[in-house]
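I have placed the structure first, in the form of structure tokens, so that the comments after it can refer back to it.
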Amino acid sequence: LLGQEWQGWTPDLAGYDLQLFQIATYVGHLRAWQRIVDTKTPAVILEDDAEILSGDSMQGTLDEAVQAGADAVLLDPRHCERGSPPHLAPDVSGLTAYWVDPKAAQAFLDHFNVSIPVDWAVNSVMNEKLQAICPEFFHVQEYGGEELARIHSAAKGCM
């Protein structure tokens, strides 16, 4: 499916070390990035367990980020716990919600790495290729909060 959908452009799977559910997550993000590139329209990407706490406040944060020249905005507080771009740790995770413009989406497509989870793979791109930010306030969380998210986490095998 990936080869057909991406017109034969598939990653080198020699270093492939992801489980099926991680590949499924990756494909969802890849499809979103491709749509942003194809439509030339920035978008907020939400995972299925995202809970928007305040749409108006989030829009205000995104407007400020765009005015500041951001290509990407991390809206999941977990992704920013150990630093902000350009100093994201390689293994920091949390992509419940993020905003990207077409430049960022194209950079993710150009540099995606299926040998590590998508949460980790975006970090080097955000650190080295984009103007990405962690906002002062986060307006999205995993539904039910951190405790419930860990109970039902895909990291535990899609329970």
Side-chain angles (χ1 to χ4, degrees), residues 1-12 18 20-81 83-144 149 153-154:
L1 174 63
L2 188 60
Q4 179 183 13
E5 190 170 313
W6 296 87
Q7 294 92 37
W9 178 60
T10 56
D12 177 6
L18 295 179
L20 185 57
F21 72 90
Q22 291 170 312
I23 288 290
T25 300
Y26 226 131
V27 169
H29 288 272
L30 288 166
R31 287 177 175 163
W33 300 336
Q34 188 63 56
R35 181 152 177 89
I36 291 166
V37 169
D38 290 347
T39 63
K40 299 176 181 59
T41 305
V44 172
I45 298 172
L46 301 169
E47 290 188 345
D48 63 341
D49 59 348
E51 178 179 18
I52 299 173
L53 304 174
S54 172
D56 291 337
S57 296
M58 183 173 71
Q59 185 61 56
T61 295
L62 294 175
D63 291 344
E64 290 173 16
V66 169
Q67 289 177 354
D71 302 308
V73 180
L74 291 160
L75 299 169
D76 185 333
R78 295 172 303 138
H79 211 108
C80 299
E81 287 176 346
S84 295
H87 305 290
L88 290 171
D91 62 344
V92 71
S93 62
L95 281 181
T96 301
Y98 58 107
W99 174 91
V100 295
D101 67 9
K103 175 186 172 187
Q106 187 64 61
F108 292 148
L109 289 169
D110 290 344
H111 302 284
F112 79 94
N113 175 357
V114 297
S115 65
I116 57 177
V118 66
D119 305 55
W120 298 357
V122 299
N123 295 337
S124 65
V125 178
M126 287 194 196
N127 284 340
E128 299 167 14
K129 309 281 184 200
L130 301 172
Q131 175 67 31
I133 67 163
C134 290
E136 184 176 351
F137 301 104
F138 295 93
H139 309 289
V140 178
Q141 68 179 13
E142 286 183 297
Y143 180 75
S153 173

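Residues: numbered from 1 along the sequence shown.
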When you measure from the side chain of D71 to the backbone N and O of Q131, does any donor-acceptor pair fall under 3.5 Å? yes
Who are the ring-ring contact (aromatic ring centres under 6.0 Å, His included) partners of H139, not counting sequence neighbours? none
Enumerate the disulfide bond (SG atoms under 2.5 Å apart) contacts for residues 28-75, please, sequence neighbours excluded, ordered by first and then second residue. none
Contact summary for L130 and A107, nearest pair of heavy atoms: CD2-CB, 3.9 Å
Is there side-chain contact between F108 and M126, with at least one heavy-atom pair below 4.5 Å? yes
Rounded distance (nearest 0.5 Å) linking atom CD of Q141 with atom CG of L75: 13.0 Å
Could you tell me which residues satisfy side chain to side chain contact (heavy atoms under 4.5 Å, CB included) with A43, sequence neighbours excluded, listed by chain and number? I36
Nearest heavy-atom contact between S124 and A121 is OG-O, 3.8 Å
Do S93 and D119 have a side chain donor and acceptor closer than 3.5 Å? no
What do the steps show when you test R78 against E142 for side chain to side chain contact (heavy atoms under 4.5 Å, CB included), and what is the final call? CA-CA 10 Å; R78 295 172 303 138; E142 286 183 297; 3.4 Å; yes
Apply side chain to side chain contact (heavy atoms under 4.5 Å, CB included) to residues L30 and L109 and explain how you reach the verdict. CA-CA 7 Å; L30 288 166; L109 289 169; 3.9 Å; yes
Would you say the side chain of V140 lies within less than 4.5 Å of the side chain of M58, judging by non-hydrogen atoms? yes
Just jot down the side chain to side chain contact (heavy atoms under 4.5 Å, CB included) partners of T39, sequence neighbours excluded, or say none. R35, T41
Are the side chains of V44 and I52 in touch, meaning some heavy atoms are under 4.5 Å apart? no
Are D101 and K103 close enough for a salt bridge, meaning some N to O gap below 4.0 Å? no
Determine whether a donor-acceptor pair (N or O, by modelled atom type, separation under 3.5 Å) exists between the side chain of N123 and the backbone of P90. yes
Between Q67 and D63, does any side-chain donor sit less than 3.5 Å from a side-chain acceptor? no
Side chain to side chain contact (heavy atoms under 4.5 Å, CB included) with C134: which residues, sequence neighbours excluded? L74, C80, S84, P85, F138
Main-chain N/O of L88 paired with N127 side-chain donor or acceptor, under 3.5 Å: yes
Side chains of W99 and V66 in contact at under 4.5 Å (non-hydrogen atoms): yes
Between D91 and W120, the two heavy atoms sitting closest are O-NE1, 2.9 Å
Is any side-chain heavy atom of V122 closer than 4.5 Å to a side-chain heavy atom of H79? yes
Heavy-atom side-chain proximity of T61 to E64 below 4.5 angstrom: no
Restricting to side chain to side chain contact (heavy atoms under 4.5 Å, CB included), what partner residues turn up for A32, sequence neighbours left out? I45
Minimum heavy-atom separation for A65 and V73, please, with both atom names. CB-CG2, 3.4 Å
Measure the CD1-CG distance between I133 and L62 for me, rounded to the nearest 0.5 Å. 8.0 Å
